[in-house]
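Naming: A, B, ... by sequence-line order, numbering from 1 per chain.
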Protein chains: 2
Amino acid sequence: MTQKPDQAPAADADALPRQQRTYTIGELAQIFEVTPRTIRFYEQEGLLAPSRQGQKRIYREKDRVRLKLTLRGKRLGFSLAEIREVVMMYDAMPDGNARQLRRLLELLAEKRANLERQQEDIRLMRLEIDDVDQRARDVLRQLEKPL
Amino acid sequence: MTQKPDQAPAADADALPRQQRTYTIGELAQIFEVTPRTIRFYEQEGLLAPSRQGQKRIYREKDRVRLKLTLRGKRLGFSLAEIREVVMMYDAMPDGNARQLRRLLELLAEKRANLERQQEDIRLMRLEIDDVDQRARDVLRQLEKPL
DNA sequence: GACGAGGTTTACGTTAACGTAAAGTGCTTG
DNA sequence: CAAGCACTTTACGTTAACGTAAACCTCGTC
């Protein structure tokens with residue numbers, strides 16, 4: 001029963017060259033610490049398009065990367081709609097219409113500007129945090145001094 | 001009618017030393033490009049606590065800074081609850097209980113870690129964007145070449 | 001062949017962060 | 001003093017991003 005490596009799922013899964021590996025929804029969910037529901041929802045929103053094997057969803061490397069990018073976008077506060085916009089244009093690239101491509105470049109510039117503002121926000125917030133931290137330590141030191 | 005600088009609101013407002021300046025809700029809203037509703041909502045959520053003059057809210061420099069920090073937090077994807085947590089502990093600092101202070105330091109460390117992950121996310125997403133940008137430009141060039 | 005572990009669809013519920021509308025207060029300006 | 005603005009409270013509506021529950025397959029295993 002262990003001679004048919006047709007689609008070995010679990011045991012020697014990490015022996016495959018990764019590009020050919022497939023994932024179930026549960027596996028992906030575990031990897032990224034989200035629920036299957038979340039993954040299905042992202043599909044419904046047009047962010048993922050796994051193939052099917054009968055009724056079950058089959059995720060490939062491409063889908064895994066998509067999910068990773070989506071979650072990264074979310075951590076940065078982007079909405080699913082924004083993320084989808086970029087992802088879909090990216091997919092439409094190969095047979096790219098010139099107008100579409102220019103639009104994509106605009107979009108990318110927007111995102112870049114967004115990221116830069118975020119970097120500045122991070123820088124400032126770090127300064128604030130360091131300041132508060134310092135003051136808290138000072139107060140604490142004063143409290144512990146008169147022993 | 002222009003001799004009483006008691007609480008001059010508009011005309012020579014920028015002549016005041018800023019620390020004494022006060023703002024109406026509408027002014028603040030305009031400055032930060034949010035609606036008054038948003039500002040009231042933040043108050044309701046415990047993020048702002050303007051004084052009153054009769055029924056009207058009076059915002060001082062402190063409130064303006066609070067709002068600025070709040071909006072910065074939002075841009076970074078923090079929830080109002082998270083922001084409030086830090087803000088409230090900050091306010092409780094002066095009469096600080098040692099346990100509270102240590103808790104604050106923990107919280108700050110958390111936030112810092114969060115910011116660092118975000119920076120990494122930004123770095124990676126920039127790489128992605130630059131890559132997509134480059135490929136889009138390449139395709140575009142090929143489309144325009146055979147004139 | 002019952003069953004438990006995973007998968008599936010469908011559908012209603014929930015939370016955060018406001019938007020929007022109604023109805024009232026207070027000043028100042030023609 | 002009527003009109004208009006900017007403010008107020010109260011309350012219901014809305015959207016995004018899932019959570020949760022029910023009811024159903026399908027497969028390997030005891």
List the steps, then state whether side chain to side chain contact (heavy atoms under 4.5 Å, CB included) holds for A:M125 with B:K111.
CA-CA 9 Å; A:M125 187 160 286; B:K111 297 302 170 194; over 6 Å; no
Take B:T70 and B:F78, measure what side chain to side chain contact (heavy atoms under 4.5 Å, CB included) needs, and give me the verdict at the end.
CA-CA 9 Å; B:T70 299; B:F78 292 107; over 6 Å; no
Begin with the C-alpha distance, continue with both residues' side-chain angles, and end with the deciding distance and a verdict on side chain to side chain contact (heavy atoms under 4.5 Å, CB included) for B:E61 and B:R21.
CA-CA 7 Å; B:E61 184 57 15; B:R21 230 214 115 167; 5.8 Å; no
Check step by step if side-chain hydrogen bond (donor to acceptor under 3.5 Å, both in side chains) holds for B:Y90 and A:R135.
CA-CA 10 Å; B:Y90 176 84; A:R135 300 166 93 238; 3.0 Å; yes
Would you mind building the protein contact string for nucleotides 20-27 of chain D? One character per nucleotide, 5' to 3', B for base within reach (heavy atoms under 4.0 Å), S for sugar-phosphate only, - for untouched.
B-------
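Contact annotation: A:R57 side-chain N/O to C:dT8 OP1/OP2 distance is under 4.0 Å. Taking side-chain N and O atoms only, A:T38 has no distance below 4.0 Å to OP1 or OP2 of D:dA17. Between C:dG6 and A:T24, no contact under 4.0 Å exists linking OP1 or OP2 to a side-chain N or O. Phosphate proximity of D:dC18 to A:K74: present, with a side-chain N or O under 4.0 Å from OP1 or OP2.
D:dC18 atom C1' lies 13 Å from atom CG of A:L71, rounded to whole Å. The interatomic distance linking B:E27 (CD) with D:dC7 (P) rounds to 8 Å, in whole Å. Counting to the nearest Å, the P atom of D:dA16 and the CD atom of A:E85 are 14 Å from each other. Following rounding to the nearest Å, B:I25 (CD1) and D:dT9 (C1') show an atom-to-atom distance of 12 Å. The distance from atom CZ of B:R52 to atom P of C:dG26 is 14 Å, rounded to the nearest whole Å. Rounded to a whole Å, the CD atom of A:E82 is 17 Å from the P atom of D:dT15. Regarding B:L28, its CG atom lies at a distance of 16 Å from the C1' atom of D:dT8, rounded to whole Å. The CG-P distance, from A:L48 to D:dA17, rounds to 14 Å in whole Å.
Of the residues in residues 39-47 of chain A, A:F41, A:Y42 come within less than 4.0 Å of DNA chain D through at least one heavy atom, sorted by number.
In this structure the side chain of B:L143 reaches within 4.5 angstrom of the side chain of A:L101, judged on heavy atoms.
Remark: side-chain polar atoms of A:D130 are not paired, donor with acceptor, to backbone N or O of A:L127 under 3.5 angstrom. With hydrogens and angles ignored, the 3.5 Å screen pairs a side-chain donor or acceptor of A:Q118 with a backbone N or O of A:L76.
B:I31 and B:V34 end up in the same hydrophobic cluster when Ile, Leu, Val, Met, Phe, Trp and Tyr side chains are linked at under 4.5 Å.
Listed by chain and residue number, A:D121 satisfy the salt bridge (charged side-chain N to carboxylate O under 4.0 Å, His left out) test with B:R75 (two or more places apart in sequence, or in another chain).
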